[in-house]
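These notes concern the structure reproduced below.
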Amino acid sequence: MLKNKTLKLATLAAVIGGSLAMSSMVSAATEIKAAFNQSNKHPQYLALQDFGKKLTEETEGRYKVSIFPNELLGDQRAALELVQTGSIQMAVVANPLVENYDKTFRVIGMPYIYSGPEHQEKVFTSGILDNLFSSTQRFGFEILTAYTAGARSMYTKSGPVKNIADMKGEKIRVMQSDTMIKMLSCMGGTGVPMGQGEVYSAVQQGVLDGAENNEITYSDLKQYEVAPFFSSTRHLMVPDLVVISTDFLDTMSKEDQATLRKLIKASTVEEFNIWNQQISAAKANAKSHGATFTDVDIKPFQESCKKLQDELVETPAQKDLYNKVVSMQ
């Protein structure tokens, strides 16, 4: 009896000791706060979450990633500034924000720079962007990797867009950007800058003939109800960038830095996979409500927008990166 009691006490002590050790390890973990502007169901959030779990495991609990979705730490511009000052450690920001620091980034967000998702993933995982991504260190942040935000395509009210002629006279909502208006012009249509919240009623009332966005947004906002013809023009694939504070990176050991870089690059592949799965579900939902999806030969559109690409590619660095990206198609 005494022997059994002693054994139980020893076991209990071991469990308590293990729990205390685990508690000590968790409390000693360095928190990496990551700002995110969308929901916790978004593919980018899910990929970051998976990265965080793996980082904790592979660093034996030295780091934990806390993601703050829905702009809890501010919008993307504010989040980038917080990363620069070291107030937070990471954020996901749209490529155009980083263009403000270095116009070379314009290249990877240009209209028709990618032939499709496979090409974009190949570019993001090839290593050709590594030097560009590390060049922002002088601004207080570094880009660890790029995530897809999907391919934007046309969806219209009266019929599918199969070629440039089908775009003639079509008034299409675009983001509030001169480049986007020019892009619609070279595709044969007329770009109408407008806030996203106005699109549904504008198409419904005939102010617009359609809009352009990815399949997930198309489905989530039920825009298939007013513009049931989705045509895969894939004219724009603007990356989102995972940024990290250079001051924070400097606090990490070389080994832990290497682990973080390895895992975050691997998360890009995971994010593409999740995005593609969500696209399939979004398309299925839209189709169940009467939407039709049409594949489009994008080469004529690419050729028509070549002049716009030439306008956007100005510096030697931009031209060099453009040629590298295009050569990977």
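Values below: all heavy atoms of this structure, side chains included; hydrogens, waters and symmetry mates excluded. Position 1 is the first residue of the sequence, and the numbers go up from there.
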Measure the spacing between [atom1] of [X] and [atom2] of [Y] and express it to the nearest 0.5 Å.
{"X": "Thr156", "Y": "Glu212", "atom1": "OG1", "atom2": "CD", "result": "12.5 Å"}
{"X": "Leu144", "Y": "Lys262", "atom1": "CG", "atom2": "NZ", "result": "14.5 Å"}
{"X": "Ile32", "Y": "Ile67", "atom1": "CD1", "atom2": "CD1", "result": "10.5 Å"}
{"X": "Leu55", "Y": "Phe51", "atom1": "CG", "atom2": "CZ", "result": "4.5 Å"}

**Prompt:** Partners of Asp310 by side-chain hydrogen bond (donor to acceptor under 3.5 Å, both in side chains), sequence neighbours excluded?
**Reply:** Lys306
Compute whether any side-chain donor of one residue and acceptor of the other, for [X] and [Y], lie under 3.5 angstrom apart.
{"X": "Tyr101", "Y": "Gln84", "result": "yes"}
{"X": "Ser115", "Y": "Gln329", "result": "no"}
{"X": "Tyr200", "Y": "Glu225", "result": "yes"}
{"X": "Thr233", "Y": "Ser231", "result": "no"}
{"X": "Gln309", "Y": "Tyr112", "result": "no"}
{"X": "Gln223", "Y": "Gln196", "result": "yes"}
{"X": "Ser267", "Y": "Tyr147", "result": "yes"}

**Fill in**
Members sharing Ile216's hydrophobic cluster, built from side-chain contacts under 4.5 Å between Ile, Leu, Val, Met, Phe, Trp and Tyr, are Trp275, Ile279
**Message:** Testing Thr104, Val107, Ile108 one by one against Tyr322 for a side chain to side chain contact (heavy atoms under 4.5 Å, CB included), which residue passes?
**Reply:** Val107
[X] bridged to [Y] by N-O distance under 4.0 Å:
{"X": "Arg106", "Y": "Glu314", "result": "yes"}
{"X": "Glu60", "Y": "Arg62", "result": "yes"}
{"X": "Lys64", "Y": "Glu31", "result": "no"}
{"X": "Lys171", "Y": "Asp209", "result": "yes"}
{"X": "Arg261", "Y": "Glu142", "result": "yes"}

**Request:** Could you go through the side-chain hydrogen bond (donor to acceptor under 3.5 Å, both in side chains) check for Thr59 and Asp256 one step at a time?
**Result:** CA-CA 7 Å; Thr59 60; Asp256 286 346; 5.5 Å; no
Taking all non-hydrogen atoms of both residues, which atom of [X] and which atom of [Y] are closest, and how far apart?
{"X": "Phe124", "Y": "Pro239", "result": "CZ-CB, 3.5 Å"}
{"X": "Asn95", "Y": "Gly109", "result": "ND2-N, 4.0 Å"}
{"X": "Ala47", "Y": "Ile274", "result": "N-CD1, 4.0 Å"}

**Request:** Might you confirm whether atom CG of Asp250 has over 12 heavy atoms from other residues, nucleotides or ligands at distances under 6.0 Å?
**Result:** yes
**Request:** Any chance you could lay out the side chain to side chain contact (heavy atoms under 4.5 Å, CB included) test for Phe141 and Leu80, step after step, and finish with the verdict?
**Result:** CA-CA 8 Å; Phe141 65 92; Leu80 181 54; 4.0 Å; yes
**Message:** Test your reading of the model: is there a side-chain donor-acceptor pair from His119 to the backbone of Val325, 3.5 Å cut-off?
**Reply:** yes
**Asked** Is a donor on one side and an acceptor on the other found under 3.5 Å between the side chain of Thr268 and the backbone of Ala146?
**Response** yes
**Message:** Ring centroids only, cut at 6.0 angstrom: are Phe230 and Tyr224 within range, meaning strictly under it?
**Reply:** no
**Among Glu271, Glu121, Gln120, Gln44, the one residue meeting side-chain hydrogen bond (donor to acceptor under 3.5 Å, both in side chains) with Thr148** = Gln120
Donor-acceptor pairs are to be reported for all side-chain atoms of residues 182-195 against protein atoms at under 3.5 Å, with residues two or more places apart or in another chain.
none

**Asked** Cation-pi between Lys283 and Phe293: NZ/CZ under 6.0 Å from ring centre and within 45° of the ring axis?
**Response** yes
**Message:** Once you measure the plane-to-plane angle for Phe36 and Tyr45, does it fall in the parallel (<30°), tilted (30-60°) or perpendicular (>60°) bin?
**Reply:** tilted
